[in-house]
Amino acid sequence: QVQLVESGGELVQVGGSLRLSCAASGRISEHALGWWRRAPGKEREFVAAINWSGSIRNYADHVKGRFTISRDNAKNTVFLQMDMLKPEDTAVYYCNVNWFSRTNSRKYNYWGQGTQVSVSS
């Protein structure tokens with residue numbers, strides 16, 4: 001069982017920065033982690049992902065060059081540094097981890113409760 005708890009969301013002005021954190025209980029150091037977001041009235045969309053070692057990072061086109069994902073496996077935490085924020089970045093941001101276990105052939109998928117980011121113009 002894994003629990004994910006996001007934090008760091010708040011109201012910020014256009015062009016500002018925020019750093020989101022996702023703290024995990026349970027062992028996640030060997031799994032990829034991702035950030036997603038859901039804006040009001042829209043579907044949840046992918047933001048960024050990082051592999052287990054941090055050597056591979058992927059970003060959605062709309063955040064490339066502005067957001068940076070990182071992780072600290074010793075602290076079981078993944079971060080999302082968000083710079084040059086825009087009003088369209090306003091959303092609830094969620095942390096996600098999922099993997100397929102070859103041991104028992106089960107798929108595991110966990111989400112946090114989300115943290116609200118609001119960007120005012």
Side-chain angles (χ1 to χ4, degrees):
Q1 184 75 10
V2 173
Q3 290 187 327
L4 304 172
V5 180
E6 302 95 333
S7 62
E10 61 181 71
L11 176 64
V12 64
Q13 291 188 335
V14 168
S17 297
L18 283 176
R19 189 191 196 205
L20 305 183
S21 298
C22 173
S25 65
R27 185 176 178 179
I28 61 166
S29 60
E30 54 196 35
H31 303 304
L33 286 152
W35 284 96
W36 295 67
R37 70 186 185 186
R38 178 178 284 157
K42 295 186 177 181
E43 296 292 319
R44 186 157 51 189
E45 64 177 7
F46 170 75
V47 175
I50 188 167
N51 75 329
W52 70 275
S53 67
S55 62
I56 300 174
R57 309 177 192 192
N58 293 311
Y59 299 93
D61 287 343
H62 49 267
V63 305
K64 281 181 181 177
R66 300 188 299 121
F67 290 10
T68 303
I69 189 170
S70 61
R71 67 189 296 163
D72 184 339
N73 285 338
K75 297 182 179 180
N76 268 357
T77 303
V78 63
F79 305 98
L80 186 67
Q81 176 67 39
M82 305 188 296
D83 299 316
M84 296 180 285
L85 283 162
K86 305 175 181 180
E88 51 264 43
D89 294 320
T90 295
V92 178
Y93 284 72
Y94 299 90
C95 183
N96 172 256
V97 61
N98 64 82
W99 71 93
F100 178 79
S101 171
R102 295 179 181 178
T103 302
N104 59 16
S105 298
R106 288 185 58 186
K107 185 175 181 179
Y108 295 86
N109 188 27
Y110 297 98
W111 293 91
Q113 83 292 343
T115 185
Q116 176 70 50
V117 172
S118 299
V119 184
S120 65
S121 57

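Just so it is clear, the values below take in all heavy atoms, side chains as well, and ignore hydrogens, waters and symmetry mates.
- Of all the heavy atoms in Phe46 and Asn58, the pair that sits closest is CZ-O, 3.8 Å.
- Ile50 and Arg71 make their closest contact through O-NH1, 3.8 Å (heavy atoms, listed as atom of the first residue, atom of the second, distance).
- Under the 4.5 Å side-chain heavy-atom criterion for ILVMFWY residues, no single connected hydrophobic cluster contains both Tyr108 and Phe100.
- For the pair Ala24 and Leu4, the tightest heavy-atom approach, listed with the atom from each and the gap, is CB-CD2, 3.6 Å.
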Test side-chain contact (heavy atoms from CB on, under 4.5 Å) applied to Arg44 and Trp111, step by step: CA-CA 12 Å; Arg44 186 157 51 189; Trp111 293 91; 3.6 Å; yes
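- Under the 3.5 Å distance criterion, the side-chain polar atoms of Asn73 are matched with a main-chain donor or acceptor of Trp52.
- Residues Val47 and Val63 share a closest heavy-atom pair of O-CG2, 3.5 Å.
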Test log, rule side-chain contact (heavy atoms from CB on, under 4.5 Å), inputs Trp35 and Phe67: CA-CA 11 Å; Trp35 284 96; Phe67 290 10; over 6 Å; no
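- Not counting sequence neighbours, Gln1 has no partner by the side chain to side chain donor-acceptor pair (under 3.5 Å) test.
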CA sep, side-chain torsions, deciding dist, call: Met82, Leu20, side-chain contact (heavy atoms from CB on, under 4.5 Å): CA-CA 8 Å; Met82 305 188 296; Leu20 305 183; 3.8 Å; yes
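- Between the side chain of Asn98 and the main chain of Lys107, no donor-acceptor pair closer than 3.5 Å is present.
- Between the side chain of Arg57 and the main chain of Thr68, no donor-acceptor pair closer than 3.5 Å is present.
- Panel note: side chain Asn109, backbone Trp99; no donor-acceptor pair is recorded below 3.5 Å.
- With rounding to the nearest 0.5 Å, the separation of OG in Ser118 from CG in Leu85 is 10.5 Å.
- Side-chain atoms of Thr115 never come within 3.5 Å of backbone atoms of Glu6 as a donor-acceptor pair (strictly under, hydrogens ignored).
- Within a 6.0 Å sphere centred on CD of Gln3, other residues, nucleotides and ligands contribute 12 heavy atoms or fewer.
- The stretch residues 28-65 participates, sequence neighbours left out, in no disulfide bond (SG atoms under 2.5 Å apart) pair at all.
- Take Arg19 and apply the side chain to side chain contact (heavy atoms under 4.5 Å, CB included) test, not counting sequence neighbours, and it matches Phe79, Gln81.
- Ser55 is linked by a side chain to side chain contact (heavy atoms under 4.5 Å, CB included) to Asn51, Ser53, counting only residues two or more places apart in sequence or in another chain.
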Quick one: side chains of residues 87-95, donor-acceptor pairs under 3.5 Å with protein atoms, not counting sequence neighbours, listed by atom name and distance.
from	atom 1	to	atom 2	distance (Å)
Asp89	OD1	Arg37	NH1	2.9
Asp89	OD1	Arg66	NH2	3.0
Asp89	OD2	Arg66	NH1	2.7
Asp89	OD2	Arg66	NH2	3.4
Asp89	OD2	Lys86	N	2.8
Thr90	OG1	Pro87	O	2.9
Thr90	OG1	Val119	N	2.9
Tyr93	OH	Arg37	NH1	2.9
Tyr93	OH	Asp89	O	2.7

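- Contact record, Gly26 with Asn76: O-ND2, 2.9 Å, taken as the closest heavy-atom pair.
- Among residues two or more places apart in sequence or in another chain, the side chain to side chain donor-acceptor pair (under 3.5 Å) test is passed with Ser29 by none.
- Hydrophobic clustering of Ile, Leu, Val, Met, Phe, Trp and Tyr side chains at less than 4.5 Å, counting indirect connections, keeps Trp36 apart from Leu80.
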